[in-house]
**Student:** 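Here's a structure for you.
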Amino acid sequence: MHRLNWAFLAGAAILTACAPVENQRGYVPDQEAVASVQVGMDTKDTVTKKLGDPSTAATFGNDIWYYISAHVEQNAFFAPRALDRNILAVEFAKDGKVTDVHKYTLADGRVVDFVSRETPTRGREMGLLQSIFNAVPGQIGQSAPNTPTPGGGQAPPIPSPR
């Protein structure tokens, strides 16, 4: 009977350890406050009073404030997974009045595939073995005599020691 209790407790501990952890992250908008934002009437000050400070603002182009929230689930050590995401974008004119309000969800998002290529640099870079074999005492790492240089032409002659 005593072993059965320990087995039951161990099984319960394992099952609760595998339960997903859910978090609400970011700005959770009050739907009444969002509905009260009026295009052409509200300004940046009134939007701040109604919705608070934005999560972020547009860096380039139009003056847009973003209010971002996400409902995230994470199982044990696996990467978090977004169950729900809401983005409220409030666009302003140059005079500071609201010109448009957009609502985006997780369904509106796109997967962005980042390219991890390296940008080539100018010039010729020698490897370790090339540097060792091309080295001349006193001029380590420079091109050997009579070999083309990266800019074209021939390398200057190496003066003899006196």
Side-chain angles (χ1 to χ4, degrees), residues 2-132 134 141-143 148-152:
H2 185 64
R3 287 185 186 194
L4 184 61
N5 288 342
W6 279 106
F8 178 74
L9 288 175
I14 289 172
L15 288 177
T16 57
C18 294
V21 176
E22 294 186 21
N23 289 321
Q24 179 68 40
R25 298 178 180 173
Y27 175 79
V28 181
D30 176 20
Q31 295 305 319
E32 291 178 16
V34 171
S36 71
V37 176
Q38 297 177 3
V39 174
M41 299 295 292
D42 281 313
T43 63
K44 289 182 179 183
D45 290 334
T46 58
V47 170
T48 302
K49 289 177 185 172
K50 292 178 180 181
L51 302 177
D53 292 326
S55 302
T56 188
T59 306
F60 301 105
N62 296 339
D63 194 8
I64 304 174
W65 287 0
Y66 297 100
Y67 295 87
I68 304 167
S69 68
H71 184 200
V72 181
E73 176 183 78
Q74 183 172 7
N75 285 333
F77 53 83
F78 295 106
R81 181 175 59 107
L83 299 175
D84 187 31
R85 183 176 298 128
N86 293 298
I87 300 172
L88 176 69
V90 182
E91 189 172 348
F92 296 97
K94 292 189 188 287
D95 63 355
K97 290 191 178 183
V98 175
T99 58
D100 209 350
V101 177
H102 301 281
K103 296 176 185 175
Y104 303 103
T105 64
L106 191 60
D108 297 318
R110 293 184 217 143
V111 175
V112 177
D113 184 25
F114 292 101
V115 177
S116 61
R117 293 183 300 212
E118 293 181 12
T119 303
T121 57
R122 296 184 60 153
R124 181 172 178 258
E125 296 194 21
M126 292 189 281
L128 176 64
L129 290 177
Q130 253 184 325
S131 297
I132 292 171
N134 287 343
Q142 294 184 3
S143 296
T149 59

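Residues take their numbers from the sequence shown, with the count starting at 1. What you see is a predicted model; the values in this text were computed from it and never measured.
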**Student:** Within the distance-only criterion (no hydrogens, no angle test), does the side chain of Thr56 pair as donor or acceptor with the backbone N or O of Tyr66 below 3.5 angstrom?
**Tutor:** no
**Student:** Can you find a heavy atom in the side chain of Val37 that is under 4.5 Å from one in the side chain of Leu88?
**Tutor:** no
**Student:** Could you check whether the rings of His102 and Tyr104 sit parallel, tilted or perpendicular, using 30° and 60° as the cut-offs?
**Tutor:**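 Correct class here is parallel.
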**Student:** Rounded at 0.5 Å granularity, tell me how far CG in Asp108 sits from CG in Asn86.
**Tutor:**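 Taking CG in Asp108 and CG in Asn86, the distance rounds to 10.0 Å.
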**Student:** What are the two closest non-hydrogen atoms of Pro54 and Tyr67, and how far apart are they?
**Tutor:** CA-CE2, 3.4 Å
**Student:** Got a second to check how far Leu83's CG is from Glu22's CD, nearest 0.5 Å?
**Tutor:**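 Leu83 CG to Glu22 CD: 6.0 Å, rounded to 0.5 Å.
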**Student:** Only one of Lys97, Lys50, Lys49 passes side chain to side chain contact (heavy atoms under 4.5 Å, CB included) with Asp42; say which it is.
**Tutor:** Lys50
**Student:** When rounded to the nearest 0.5 angstrom, what is the spacing between CG in Asn23 and CD in Glu73?
**Tutor:**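 Asn23 CG to Glu73 CD: 10.5 Å, rounded to 0.5 Å.
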**Student:** Would you check if the side chain of Gln31 reaches a backbone N or O of Ala35 as a donor-acceptor pair within less than 3.5 Å?
**Tutor:** no
**Student:** If you compare all heavy atoms of Lys44 against all heavy atoms of Thr48, which two are closest, and at what distance to 0.1 Å?
**Tutor:** O-OG1, 2.8 Å
**Student:** Apply side-chain contact (heavy atoms from CB on, under 4.5 Å) to residues Val47 and Phe92 and explain how you reach the verdict.
**Tutor:** CA-CA 10 Å; Val47 170; Phe92 296 97; 4.0 Å; yes
**Student:** Could you measure the distance from the CG atom of Asp95 to the CG atom of Asp63? Nearest 0.5 Å is fine.
**Tutor:**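 Going from CG on Asp95 over to CG on Asp63, the span is 10.5 Å.
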**Student:** For Ser69 versus Val28, what's the shortest heavy-atom pair and its separation?
**Tutor:**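 Shortest heavy-atom contact: CB-N, 4.4 Å.
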**Student:** Which heavy atom of Ile68 sits nearest a heavy atom of Ser55, and at what distance?
**Tutor:**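 For Ile68 and Ser55, the tightest heavy-atom pair comes out as N-OG, 3.0 Å.
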